[in-house]
Amino acid sequence: MAKLRVGILISGRGSNMAALIRAADEPDYPAEIACVVSNIADAPGLGIADKAGVATAVVSHQGYPNRESFDRVLSTTLERHGVELVALAGFMRILDRWFVERWAGRLINIHPSLLPAFKGRQVERQTIEAGVRISGCTVHLVVPDLDAGPIVAQAAVPVLPGDTEQMLSARILRQEHHLYPLVVRWFAEGRVVETDRGVEVKGVAPGGTLLFSTEP
Ligand code: GAR
């Protein structure tokens, strides 16, 4: 069966991108990485993708007069690579409504909190300052509102006394690297279905879309 062609958008380090590339290297993984696109020319993730033999492109947001013209070039770049699912992986630009509607139902994001808590930036700092004891990460469908959209899956981790932002971020990131490849697999297997109440993942046991880690 043909593999689902995934386009990954990054702005920086690209550790989630690397986790997806590693997963897609497995022969029985049902998705392949069609391209990695960055809005930042020297994003470290681009080098990792290059080394792994994945096609890369840079679409700098600075080269366009407005958000929509940037988004249109981004979209054309993804189309040129035959992309069927777009995965945002540390992509730090807000996408215009036009782009979100163009890729509706086929555009996902990973965010380092249990949404709808702690949207936006400096998420780990917000989490620690709020004093919550459990945090984690969320994969959701992208809608025009920031860090909103139906939740596909979440992974929970403890927030420990004495955690710095870096410590919490590293703990969450380890779960992100499990969760994102799992969710992309579900998309490729055609399991992810939008319903009146959000998203249902067909054929995955109730509770199977929530991972728990108690690793320090
Ligand atoms: C990840 O923690 C991801 O959840 C977060 O940026 C980091 C990117 O790391 N994304 C957001 O905050 C989006 N709102 P990576 O470049 O190593 O994958």
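Every heavy atom of this structure was used, including side-chain atoms; hydrogens, water molecules and symmetry mates were not. Counting starts at 1 for both ligands and their atoms, in listed order. Just so it is clear, the model here is predicted, and its values are computed rather than measured.
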Before accepting this row, confirm whether a basic side-chain N of the pair E32/R5 lies closer than 4.0 Å to the acidic partner's carboxylate O.
-> yes
Is the closest side-chain donor-acceptor distance between T195 and E200 under 3.5 Å?
-> no
Please work out, at 4.0 Å between heavy atoms, whether the side chain, the backbone, both, or neither of [X] comes within that distance of ligand 1.
X    : value
R121 : neither
D147 : side chain
V123 : neither

Salt bridge (Lys or Arg N to Asp or Glu O under 4.0 Å) assessment of R106 paired with E84 = CA-CA 7 Å; R106 299 185 300 135; E84 298 164 293; over 6 Å; no
State whether the shortest distance between N or O atoms of N109 and N or O atoms of ligand 1 falls below 3.5 angstrom.
-> no
Can any side-chain N or O of [X] pair as donor or acceptor with the backbone N or O of [Y] at less than 3.5 Å?
X    : Y    : answer
Y29  : P181 : yes
E176 : R171 : no
R191 : K202 : yes

Parallel, tilted or perpendicular: which fits the ring planes of F70 and F91, with parallel below 30° and perpendicular above 60°?
-> parallel
Minimum non-hydrogen distance to atom 15 (P) of ligand 1, winning option of S15, G90, G12 | S15
Taking everything shown except D28 itself, do over 12 heavy atoms lie less than 6.0 Å from its CG?
-> yes
Identify the closest protein heavy atom to [atom]: which residue and atom is it, and at what distance?
atom                    : value
atom 16 (O) of ligand 1 : G14 N, 2.8 Å
atom 4 (O) of ligand 1  : E176 OE1, 2.9 Å
atom 9 (O) of ligand 1  : R13 NH2, 2.9 Å
atom 5 (C) of ligand 1  : P112 CD, 3.7 Å
atom 10 (N) of ligand 1 : I110 O, 3.5 Å
atom 14 (N) of ligand 1 : H111 ND1, 3.1 Å

Ligand 1 atoms nearer than 4.0 angstrom to some heavy atom of L173 are 1 (C), 2 (O)
So do the side chains of L9 and L78 get within less than 4.5 Å of each other, counting heavy atoms only?
-> yes
Would you check whether K119 reaches within less than 4.0 Å of ligand 1, judged by its heavy atoms?
-> no
